[in-house]
Amino acid sequence: MLDIQLLRKDLAGVAQRLASRGVTLDTARIEALEAERKEIQVRTQELQARRNQLSKQIGMAKGKGEDAGELMAQVGGLGDDLKTAETRLAGIQEDLSGLLMTIPNLPHETVPVGRDEKDNEEIRRVGTPRAFPYQPLDHVDIGENLDLLDFPTAVKITTSRFVLMRGQLARMHRALAQFMLDVHSREHGYEEVYVPYLVNADSMRGTGQLPKFEEDLFKLSNGMYLIPTAEVPVTNIVRDEIIPADNLPIKLVAHTPCFRSEAGSYGKDTRGMIRQHQFDKVEMVQFVKPEDSYAALEELTGHAEDILQRLDLPYRVVALCSGDLGFSAAKTYDLEVWLPGQDTYREISSCSNFEAFQARRMQARYRTDNEGKPGKPELIHTLNGSGLAVGRALVAVLENYQNPDGSVTVPDVLRPYMGGLDRIAKE
RNA sequence: GGAGAGGUGGCAGAGUGGUCGAAUGCGCCGGACUCGAAAUCCGGUUCAGUGCUUGCACUGACGCGGGUUCGAAUCCCGCCCUUUCCGCCA
């Protein structure tokens, strides 16, 4: 959510910055609503003040045993006007906040301006894709040849876009998550948290999934939602909280399944594990002071990169352009891992600074003490990034570590998590 | 799932229709006292929002949402949550 004050002060400027995202702001409607709001709010508050004043006098009169009939008649005359004004004000404020909730974040000044993913800016490449003397297989062929990856059975159990993994492959999937969680919690300074996988609508609004993106979510009959990312439960930990400044930064990491309906992506990545309704992810979340958030974004992105480097997977870092930015993000780096089976880089992590956008929706604030005097609560900045998507990391390992005989070498860093196993081969 | 109790400031806890954003205690901050500290005493200590003459005024908030009333923390209805007992259960 943007600062309503900013919209009042510089509506044209906001509209201009949103235009770089390809979003057209209905400035005329906002101006009209604002003008109406101001008029009605002043009127409402005046009427309320008058009523409060008279009611207080009635109380005093009755306390002294005097007749309050005259006063009561006076205040009674306000009743209808007041009710009308209050109702209108509530309506306008609902319209205004409803509109505000659907406006995306402003891109940071360092975000490259562009239309779509073609305009994203490659920042760096790390690692060299391995040269294969033969046509490398993709993860589906590798996994199915090993009898460890089973899509048809998952379809039988549930439907398409789900997967069944078996044996050492399921184990490697678990090993990847454990490895990532260990590195972030032991070496990068994150506190590990275990969180609910079902959340209420307030939490979804807090991080920005609602009200605009309900169709991407799985909703339960009792009104709760399956989380599409750990970002939602983890970030909402600080909803409606005022954090002492000394406690910042707060860095949390969680491993959760993620559920996405993938509505509107029919025909996209239908083969394999790239785009599933259910996948696991290790997610890093940071709560920081505003002045620290861009340094934190670099740091957090580095933490995700560290996992790729330890797995010795080639990747590149891409700065998303304004048109490709997610709804709540002010700036995002995507990490794209090299997939030899597809002969391309594919997204495996997305690291974003949301500045105060989520914090404002959540009323997540911090307070600084200036020489003993408590300062005013100010909005924190929130960040998060995948560290990494576990399913896609497994895909990357399968494709990058495949051998001509159909086996897959286990990356060094995962061996301790797999009982020392050095390769996965057909039984 | 059944029956009961309850949700008030950072915490504890009063308040059951009227100068109540809310007693009192604890905590916290400042000051006095002290060589210093403790004790004691004095003062302060929620958040959101609006207007403009930017320092003041006003509005809203006692779990959430409605209602009654001139006036609601207090009465009524619905929901959520906590808790006790019983039942069930990994």
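Throughout, protein chains are lettered first and strands after them, A, B, ... in sequence-line order, and every chain is numbered starting at 1. Scope of the values below: all heavy atoms of this structure, side chains included, with no hydrogens, waters or symmetry mates.
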Heavy atoms only, 4.0 Å cut-off, all strands: where does A:Arg50 land among base, sugar-phosphate and nothing? nothing

B:C70, B:G51, B:U19: which one has an atom nearest the side-chain heavy atoms of A:Lys38? B:G51

For B:U68, the Watson-Crick or wobble counterpart (both distances under 3.5 Å): none

With both distances under 3.5 Å as the test, what is the Watson-Crick or G-U wobble partner of B:A57? B:U50

Under 4.0 angstrom between A:Arg37 side-chain N/O and B:G51 OP1 or OP2: yes

If you look at every strand shown and take non-hydrogen atoms under 4.0 Å, does A:Leu54 touch a base, only sugar-phosphate, or nothing? nothing

Whole-Å distance between B:G51 P and A:Ile40 CD1? 14 Å

Assigned partner base of B:C62, Watson-Crick or wobble definition, under 3.5 Å: none

Using purine N1 to pyrimidine N3 plus N6-O4 or O6-N4 for Watson-Crick, or N1-O2 and O6-N3 for G-U wobble, each under 3.5 Å, what pairs with B:A38? none

Separation between the P atoms of B:G15 and B:U68, rounded to whole Å: 28 Å

Using only heavy-atom distances, determine whether the side chains of A:Ser407 and A:Arg423 contain a donor-acceptor pair under 3.5 Å. yes

The Watson-Crick or G-U wobble partner of B:A3, with both key distances under 3.5 Å, is B:U84

With respect to the phosphate group of B:U50, does any side-chain polar atom (N or O) of A:Gln5 fall under 4.0 Å of OP1 or OP2? yes

Remember a base hit wins even if backbone is also touched, and classify A:Arg43 as base, sugar-phosphate or nothing at under 4.0 Å, heavy atoms. nothing

Any Lys/Arg nitrogen of A:Lys219 or A:Glu214 sitting under 4.0 Å from an Asp/Glu carboxylate oxygen of the other? yes

